[in-house]
Amino acid sequence: MFSIKNAYSKLNMQVLKITEKKYFNEIYSALLSIITIFGWKFNNTLGMILMIITAMFILILTKDLKFVIPNTIYFIFIISTGFSNNQIPIPIIVLGIGYAVVLLLFSFKDGFRFNKMRSLYGLLGMAIVNIIPIFWCKMVKPGNEVYYFLYFGNLGYLLLYIIMVNGIKQDGIRLVATTMSYLAVILAFECGFKVWELKDTVESILQLAYYLGWGLCNEAGIMICVSIPFIFYLLGTEEKIGGMLYQHAKLLVGVLGLILTTSRGSYLFGFLEIGILYVVLLFTAKNAKVYQNLFLIFGLIIITLAFCYKDQVIKVASHIHHLVFTQGLDDNGRKELWIEGYSQWNKNLMTKIFGAGMVCYLKESTTAVGWMEAPVVFHSTIMETLTAGGILGFVFLLLHLYQKYRNLKKCDGLFFITIGVGYIIVDLYGLIDNTYHMYYFMLPMAVIFATIDSSITIKDKSNLLF
């Protein structure tokens with residue numbers, strides 16, 4: 001028994017040495033992104049199985065949840081068809097239970113680390129408040145009991161945060177940044193495949209609105225906007241031109257994906273974000289001189305190409321402007337949704353304080369399993385929070401936002417600036433679209449919060465919680 005334990009310890013040390021290699025994060029995240037794209041395109045079940053097995057394998061070898069950051073974030077983006085509550089493949093259930101056991105074992109083997117959970121109070125408050133309205137929910141009909149799980153969504157994100165923050169043993173900032181940079185690439189490929197599939201159904205691909213399985217095309221746009229600042233962080237830390245060009249390649253793919261989402265909000269907030277971050281790095285990049293020269297070269301190339309092909313550029317720009325900002329310049333029903341959300345919140349004293357709940361208003365719409373009556377999302381962080389959790393829910397959201405930005409401020413300067421710009425832009429985006437309380441947004445964010453909190457705790461040994 002002792003020899004087995006000793007061999008395991010030696011193997012663990014050897015694997016950890018490999019993870020310290022310069023390009024480990026890039027290679028590891030790239031391989032897992034390939035599995036994600038493969039699973040999404042060809043076989044959801046096989047992709048999920050490979051992702052879970054890879055996570056179990058690396059976790060057993062490293063004993064550190066830092067190395068399952070990519071697996072955890074990418075997992076939901078494998079889904080391309082959607083599953084109903086009685087269609088989840090048996091192998092996924094079995095492997096999922098096994099993985100959960102391993103995950104909990106390595107997460108809490110050193111105890112429950114309250115000092116690391118610097119985002120706890122806001123997330124905990126939102127989780128509790130969102131459950132309370134379940135006691136007066138009257139909208140769930142027989143056969144749709146699965147909707148009750150929506151009341152426990154924020155609790156799920158809280159539990160993921162607690163598991164990850166307790167189980168991450170090393171500084172995971174670089175790995176989470178690399179993971180998110182490849183998420184932009186993953187989403188660009190998924191949008192590209194779907195647009196290619198549907199390209200002959202419309203006059204212009206900018207007229208497309210499509211479903212990716214795990215979410216809609218505009219939701220892919222939101223997550224690309226979340227991912228892009230992490231590419232800029234990696235770009236800003238590069239010292240050599242080769243590394244900068246590689247990060248630029250990921251950025252270019254992400255931008256193409258952003259365009260293919262055909263989302264007006266993503267265009268507005270995404271390109272605003274990119275413009276701000278390009279300027280920010282002029283002054284904050286680790287090797288500012290090389291970055292500035294590269295920035296100048298790229299600028300000259302773009303200007304030259306635009307001048308040489310000015311007729312085509314004008315035509316394309318006019319086409320985009322007409323389709324996106326003239327022909328489609330309306331609120332897409334948001335005003336009516338906000339009015340409905342307000343009426344649900346304003347029903348009585350209980351709904352004003354605690355909210356009407358995540359399932360307070362149903363409407364016929366397209367879901368993962370077809371056309372059916374489904375809970376309405378109110379396309380605004382403020383309105384969704386008030387409607388689902390009332391004034392109390394909104395107070396806890398504000399507490400969470402305070403903790404989020406406060407914790408980010410404790411990170412290194414470049415990470416704080418680049419990701420801070422991303423946080424602000426996406427939070428502004430959330431005023432008119434679905435971000436907070438949505439699983440595709442909250443699951444990656446829970447992992448990001450856990451990684452940041454773990455990393456700053458390693459550097460700051462204080463027991464600050466509030």
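Worth knowing before you read on, the calculation uses all heavy atoms, side chains too, and leaves out hydrogens, waters and symmetry mates. Remember, predicted model here, so these are calculated numbers, not experimental data.
With contacts defined as side-chain heavy-atom distances shorter than 4.5 Å, the pair L414/K286 does not qualify. Using a 4.5 Å heavy-atom cutoff, the side chains of L401 and Y436 are in contact. Inter-residue side-chain proximity for F441 and D433 is flagged as unmet; no heavy-atom pair is nearer than 4.5 Å. Contact of the L65 side chain with the S107 side chain is registered, since non-hydrogen atoms from C-beta on lie closer than 4.5 Å. Annotation: side chain of V290 is not in contact with side chain of E239 (no heavy-atom distance under 4.5 Å). Residues T62 and L16 have side chains in contact (heavy-atom distance under 4.5 Å, counting atoms from C-beta outward).
Of all the heavy atoms in G221 and S266, the pair that sits closest is CA-OG, 3.1 Å. Scanning all heavy atoms of the two residues, the minimum distance from M358 to N130 falls at SD-ND2, 3.6 Å. The two residues T387 and C360 come nearest to each other via the heavy atoms CG2-SG, 3.5 Å. A pairwise comparison of heavy atoms in T284 and V280 identifies OG1-O, 2.9 Å as the closest pair.
Remark: side-chain polar atoms of R334 are not paired, donor with acceptor, to backbone N or O of H379 under 3.5 angstrom. No donor-acceptor distance shorter than 3.5 angstrom exists from the side chain of T179 to the backbone of I69, with no hydrogens or angles considered. Not one N or O on the side chain of W214 forms a donor-acceptor pair closer than 3.5 Å with the backbone of W40. Between the side chain of T451 and the main chain of G172, no donor-acceptor pair closer than 3.5 Å is present. In terms of modelled atom types and a separation under 3.5 Å, the side chain of N407 and the main chain of Q403 share a donor-acceptor contact. Within the 3.5 Å criterion, the main-chain N or O of I53 finds no donor-acceptor partner in the side chain of Y99. A side-chain donor-acceptor contact under 3.5 Å links N166 to the backbone of R113. Checking side-chain atoms of R406 against main-chain N and O of R118 turns up a donor-acceptor pair under 3.5 Å. Checked by atom type and distance alone, the side chain of N115 never pairs as donor or acceptor with a backbone atom of T457 at under 3.5 Å. Proximity of a side-chain donor or acceptor of Y161 to a complementary backbone N or O of S119 within less than 3.5 Å is detected.
Here the two rings, on Y342 and W345, have centers that are under 6.0 Å apart. Taking the six-membered ring for Trp, Y157 and Y439 have ring centres at least 6.0 Å apart.
Using a 3.5 Å distance cut-off with no hydrogens or angles, the side chains of S80 and N44 do pair a donor with an acceptor. Counted by atom type alone, S29 and Y74 present zero donor-acceptor pairs between their side chains at under 3.5 Å. For the residue pair R174/T237, the side-chain donor-acceptor check at 3.5 Å is satisfied.
Pairs of residues two or more places apart, or lying in two chains, never qualify as side-chain hydrogen bond (donor to acceptor under 3.5 Å, both in side chains) while including a residue from residues 287-303. For residues 16-27, every residue pair satisfying the side-chain hydrogen bond (donor to acceptor under 3.5 Å, both in side chains) rule, not counting sequence neighbours, is listed here: E26-Y182, E26-Q247, E26-K250.
Residues passing the side-chain contact (heavy atoms from CB on, under 4.5 Å) test with F416 are L408, K409, sequence neighbours excluded. Residues meeting the ring-ring contact (aromatic ring centres under 6.0 Å, His included) test with Y423, sequence neighbours left out: Y405. For the side-chain contact (heavy atoms from CB on, under 4.5 Å) test, residues two or more places apart in sequence or in another chain that qualify with K169 are D64, D110. Residues satisfying the side-chain contact (heavy atoms from CB on, under 4.5 Å) test with S380, not counting sequence neighbours, are W338, I382, M383.
Cation-pi check for K194 over Y210 is not met; the charged atom does not lie both under 6.0 angstrom from the ring centroid and within 45 degrees of its normal.
To the nearest 0.5 Å, atom CD1 of residue I419 and atom CD1 of residue I452 are 7.5 Å apart.
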